[in-house]
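Encoded as structure tokens, the structure appears first; notes follow it.
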Amino acid sequence: MEELAKKYSFKDIEEKQYLGCEKKSLFHGEVNSAKKSFSIVIPPPNVTGILHMGHALNNTIQDILIRYKKMAGFETLWMPGTDHAGIATQNVVERKLAKENLTRDDIGREKFLEHVWAWKQEYGSTIIKQLRSLGCACDWQRTRFTMDEGYSDAVLEVFIRLYDKGLIYRGNRIINWCPRCQTALSDEEAPHKDMEGFLYHLKYPLKDSKQFLIVATTRPETMLGDTAVAVHPQDERYKHLIGKTIILPLTQREIKIIADDFVDPAFGSGAVKVTPAHDPNDYAMGKRHDLEFINILHEDGTCNENAGEYNGRDRFEVRQAIIEDLKQLKLLEKIESHSHAVGHCYRCHTVIEPFYSKQWFVKMKPLSLPATEAVKDGRIKFHPDRWTKVYLNWMENIQDWCISRQIWWGHRLPVYYCGECGEEGSQISNDKSQIPNKRNRGIIVARERPEKCPDCGSAVIKQDPDVLDTWFSSWLWPFATFGWPFDQKTEDGRQKTAKQELDYFYPTAVLVTAPEIIFFWVARMIMAGFEFMQGIPFKDIYIHGTVRDDSGKKMSKSLGNSIDPLEIIADYGTDALRFSLISITAMGQDIYLAKEKFEFGRNFCNKIWNASRFILMNLNGQDVSQETVLPKQQLNLADAWILSRFNSTLLKLNNSLAQYRLNEAVNIVYEFFWHQLCDWYIEFSKLNIEDTATKTVLYSVLEKSLRIIHPFMPLISDEIWQKVTGNDAYLLAQAWPEVALDYIDENIEKEMQLVMDVCVSIRNLRSENNIKPKDKVDIALYPEDKAVLNILAKNSNYLLNLAKVENLNFADKNNFQTSINPTASAAGCVIVMSTKSDEGFDPIKEKEKINAQIRELNQHIQRKDKLLNNANYLKKAPADVVEKEKQSLLELNQEIDKLEKIKSALK
RNA sequence: GGGCGCGUAGCACAGUUGGUUAGAGCAUCUCCCUUACAAGGAGAGGGUCGUAGGUUCGAAUCCUACCGCGCCCACCA
């Protein structure tokens, strides 16, 4: 048994404890048929990521669950790893090249990828290192990366399987195009933001007429690609114009006026310009009416040759220019301000452009069906439940997923085109709901580059230059990280093990993540789980809140309002960070952070340290670790009490943990340790500190407390536990304490509560009468009845010491007298204090105080009287509630009696 | 246009299915460096639970409307 340093210094222990624990392989999970498995896969942070508060929260939650379950007897596995984050990573490396005045095109695809890999080698493990400083018990030897060789096999396998099944197709569609990243994006990657913009009303001249048709648009530059103007077929204002021709201003192109039900006659002028290549609705109309598709933009967002004189200028510049030009031509009717939602790139926040383009898509509807069912019937549960609706709503309206990206960093599509018979001849019509499941001529989807075209024998084979959406690899995370798919033919020992591991650990227990990736990732993992593993990937989904600053704004680097968890760790320590974060994280609620909040955790660490230090000192070198805690009947009140409290605390704690109520859990631990163990029990124990029985209880309660603290604050708990037990093991390898129901005793708790209440009342008296803390007082107690008298008499020692009482006398409550001495009333007895002098005591003030108390009590009494005289209440309320009320009324009346008596006894 | 969350003490928040006198933290005030801890101890003050109705014997809790704040989804140009 060693001593603890006088001052707690997290810097001396945290890293040491983490590394020590890792060295013992305690973070590693393996197939163990003797135990049930409990596994979590980490939401893989972007390989470009640096730890922010959101990660800190997310991973602390997972770590608590893993550590708790491991101690509770499960074989646990927390699978760590990183995501290659296609666009994000490519952007980072491109920016780096830009500093050397290079673009990716300058150096070419191969060289560029070398740069990215080099970057990944150098910086890719940053976030992993940072997770370790958070104390995460991840199974690091299993760390995966979504572009690992094996993982990439899984991605290809999935692409091929879905293609063969007809669920992946290539088609021309309107997609979201980011002109800065120069790639297509999925709908989820182009979130809409409300923006204040303008609604421009343009005058389109009718051919052979002086008349105009007015159209309204928010994007006037797209008029260069207009191929029709649409009106509602029933709109009386325009009916006669249907089929007439318009001379499109600036280009002088002739376009038709068409009728379409889509048009809302009430909006704008009731006439809509139709730009099929640059708007999803117009695209649909274009299809319906067989209109021409004119693309007016280059991939970088500048106008192309179809834009005539505007060719080469940026889309927003052209917008202004066109408005100017139309104004000159007197073709601008008016401009109104107009707020509308505009899609933005989720990586670079550039306004996206709807773009008609040939891309690869996944047909989602068939995949969504089992994933919808599993949540509906409760096989997968969201916590908190409200996300169920959000999920189902998205699932039920699911759209096809655009998975091809025009970037270089990622899994390249396993698609090859024959230079002779492929490509052009292979267009797939995507407006049929039927999936083509025949291979298209000249397109080869295969793991390896084919030697020659199976259709025409040509050896001119080109691989599709595109890569897959990052999420097309991360949706396989729960099983691809285990080495899926397993090649039957080449199955070796390692594959066999991997397969067993997948069988054992899949489905995982719980997925812990933030709400913003429910669609990106959570929903798709469920779909992939059913499609490729024939079952759910996880049973529970714990959705935690977003970390915000104290004014409610989301914390982000770009806003400059973020609190760096690493800085907090440096200033307050890992355990303090974890404890503070979790304690303010109510289930699913956003959390509002300010730096001061971490003092809470720091202070608690300090408290744990000092309390432990006290206990260690007072064991006096006596080893009680092998002593048995006596049955409660043989213990003194305080000892029996703390055991009762510990066990009922544990009961509550287990319950909270089972429901993922981690803030509740951590606050239960805090409340017990600080306000019961430290504030009261340690003080009580000082009086019996020579008893082996008390020492044993003290030791036992501390030892067990450290165990239950461990999942939340792993490092300090290990450090102290090792010192206290003299054991060099780690708490992760110890068992979670069992609830000892025998020790939970309501009567003991009540008796102790009485003593504590009297003690507090005496302290109150002292404080109100300005008695110095070190001065002793004499106290006379007038207990209500024999029972109270016995309890207080038996435990008077506690009062003498904790309330600094010199002489404690007991008297008959019906016969107490006082001169000018301060008095108070605690539950069960009247207290009279006599001080050495009467200095500072004012009987008039005292009477006023008592009167105020009586008034307050009378209010409660009146309320209860009314309640208990209410026939309806007596009839309808449960008997026990009524009984409680009656009892409470009785007590209130007794309380008043006591106060009256005190008052009249005062001079 | 739908949907969700939040308005509780000066501040930022808990409050599990409705049930004694609504709770801890930070801050404030008083007293204390009492031999585990001043990152501490002992006390104190501070709330008509956003507003207005309703259901109920009983509402911070359930229902309705409204007012603020925040978020998500959606092809009205």
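Small disclaimer: the values here were computed from a predicted structure and weren't measured. In what follows, chains are A, B, ... by sequence order, proteins preceding strands, each numbered from 1.
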I'd like the P distance from U61(B) over to C49(B), given in whole Å.
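Approximately 9 Å lies between the P atom of C49(B) and that of U61(B).
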What's the gap between A44(B) and U48(B) when it is taken at their C1' atoms, as a whole Å value?
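Comparing C1' positions in A44(B) and U48(B) gives a spacing of 23 Å.
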[N] [atom2] sits how many Å from [X] [atom1], rounded?
X       : N      : atom1 : atom2 : value
N872(A) : G58(B) : CG    : P     : 8 Å
I668(A) : G23(B) : CD1   : P     : 17 Å
H338(A) : A77(B) : NE2   : C1'   : 8 Å

Salt bridge check: are K389(A) and E396(A) linked by an N-O gap of less than 4.0 Å?
no
Is the shortest distance from a Lys or Arg side-chain nitrogen in R602(A) or D575(A) to a carboxylate oxygen in the other one below 4.0 Å?
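Salt bridge absent between R602(A) and D575(A).
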Which nucleotide wins on minimum distance to the side chain of D264(A), given the candidates C76(B), A36(B), G43(B)?
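Of all the options, the side chain of D264(A) is nearest to C76(B).
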Below 4.5 Å, heavy atoms only, C-beta onward: do F579(A) and Y670(A) meet side chain to side chain?
yes
Below 4.0 angstrom from OP1 or OP2 of [N], is there any side-chain N or O of [X]?
X       : N      : result
K607(A) : A36(B) : no
K7(A)   : A39(B) : no
W609(A) : G40(B) : no

Do other residues, nucleotides or ligands put more than 12 heavy atoms under 6.0 Å from the NZ atom of K193(A)?
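Yes, the 6.0 Å shell around NZ holds more than 12 heavy atoms from other groups.
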